[in-house]
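Before any comments, here is the structure.
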Amino acid sequence: MGKLTVSYNNNSIIDTTSDGSFTLATSGKLMADDVGVEFEGGVALTLEVNVDTGSAVTVTNGTTTLTGTSANNKCAFTLPEAGTWTASAEKDGQASSSDAKTYTTSQSVTLTYAVVARTTPQTGISYTNGISGLSASELNEIAMAISDNSDITYQTSEVYVTQYNRHISVGDQISYSLGGTSYVFRIMGFNHYPLSSAKAYGASTTTGCAGFLLQAVDCITEGSYHGSDPQTETWPNFYERTELQDTWLPKFPSATQNIIKEVSVGYKTSLSSGYSHADDKLFIPSRREVTGEDYAGTGDLDSDKRYAWYRANSSQASRVKKYNDTARDWLLRNPIVYSNYSTSRRAACVRASGYVDPEGTSGYDVTNNKAYVSPCFCI
Amino acid sequence: MFAFKKDGAVFEYADNPAWIKRLANGDFGLTDQEHATGVALSDGPYALTDSEDVAGLERVEVEQIDGKQVLRQYEDVVNILLGGEQA
């Protein structure tokens, strides 16, 4: 700061207290013409606002407002006086964070925009396709933005994300090392499953759904079956459900485990009627979610919830999944039924050819054949 | 309702067909009818246009029809087969 000197009849009166008041040596009437004011050595206050290039930037102290446009992610202002100034910015109709500070020296401030996911691209932005190279926390931030846009539904196939400038589509893939083996997972849809906890992202979102739904492109393990002998085995007591949560979830990188969301997964309580939900982080899809068909026809709560990827890629070949480079039969979430546990258990299953066996007595014989597991999870 | 035809013959009806287009990653994605270059039917995707992104897919023709009228026609056929009269 510079030095402010007030003089009266050529006698300097320096504000030594810095409180803005001055003490006159003699009493008397102070005439304006007799007072001189000098400001020496002062350096203008500079406020440098760091914000995305092309932002309309505003700084104001309530009475004076300065505006500018950021270039090279910066916009600098010379403040006419010290005091409390608020910086804010806007770009493409989106407001940035704002920052109010009392400035007595030159400073910089950084403004940020929230991540926004849209169904259409914005002009002037060059998007990178896919989700590769994004960290777990970045994926989580994008998933929350998707979850916060009700225009993005379980049937949406493409989203465009600000800040990261990503164009993300169903079918985009990402690899995870599970127990030392790399597995590829594919985005099957957006905003498909309701979050078990509304504030799973730290705050509630508009849709209340998990932004990303992914499924392993191939199978990751051989299925195992329940040891008891009820007439019907439904998803909550699938042996595989426990194994996915207890054995396979801990194999994901810890940062990824932290962003996998628990979602409300529907299941049929019997072959032809009854419906309930379980809360899971890893699960397998139902027959309706893969094919759009179900033993009981329409009427279930998930009646139209076929994964967007399976709906658009409806060929039998698109359902083929491998384990150790060989196409395998893979299990679905529908009830397993049997008249005798040891000799006749029938399950809904996607065969190695991609053909889908229904649940019920005409289902796939899992007593005498193996079925593999291709898990899903949500972020 | 939509009728999908191959060689002039209807082979599938759908109330809410899955209109598709090729995505940047090479897979198909859902879109609206206006932007669709193909359609995903029960046995796989078909081309609706000569667009390069559906090259290699079998081409089908699509016709929007009155579903109630189609049902009535089927009812007439059934009635005739059962010895009854047309509706």
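Letters go in sequence order (proteins before strands), and every chain restarts at 1.
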Fill in the blank from the handout: Those residues at least two apart in sequence (or on a different chain) that pass side-chain contact (heavy atoms from CB on, under 4.5 Å) with S318(A) are W309(A), N313(A), S315(A)
Fill in the blank from the handout: Against chain A, residues from residues 13-23 of chain B with at least one heavy atom under 4.5 Å, in numeric order, are N16(B), P17(B), A18(B), I20(B), K21(B), L23(B)
Handout entry: Side chains of N191(A) and T153(A), donor plus acceptor under 3.5 Å
Key = no
Handout entry: Residue list, side-chain contact (heavy atoms from CB on, under 4.5 Å) with V78(B), at least two apart or on another chain
Key = L82(B)
Exercise for the section: Can you tell which part of D172(A) gets under 4.5 Å to a heavy atom of chain B, answering side chain, backbone, both or neither? Expected result: both
Problem - Backbone of K268(A) reached by a side-chain donor or acceptor of R333(A) within 3.5 Å - result: no
Handout entry: Salt bridge flag under 4.0 Å for residues K321(A) and D218(A)
Key = no
Problem - Close contacts, residues 34-48 of chain B versus chain A, judged by heavy atoms under 4.5 Å - result: A40(B), L41(B), S42(B), D43(B), G44(B), P45(B)
Exercise for the section: Determine whether the side chains of Y364(A) and D329(A) contain a donor N or O and an acceptor N or O closer than 3.5 Å. Expected result: yes
Practice task
Looking only at non-hydrogen atoms, find the nearest pair between R319(A) and Y310(A) and report the distance.
Solution key: CG-CE2, 4.1 Å
Handout entry: F190(A) and F212(A) aromatic ring geometry - parallel, tilted or perpendicular at 30°/60° bounds
Key = tilted
Practice task
Indicate yes or no for a side-chain donor-acceptor contact from N140(A) to the backbone of I379(A) under 3.5 Å, with no hydrogens or angles considered.
Solution key: no
Problem - Nearest heavy-atom neighbours spanning E158(A) and S169(A) - result: CG-OG, 3.7 Å
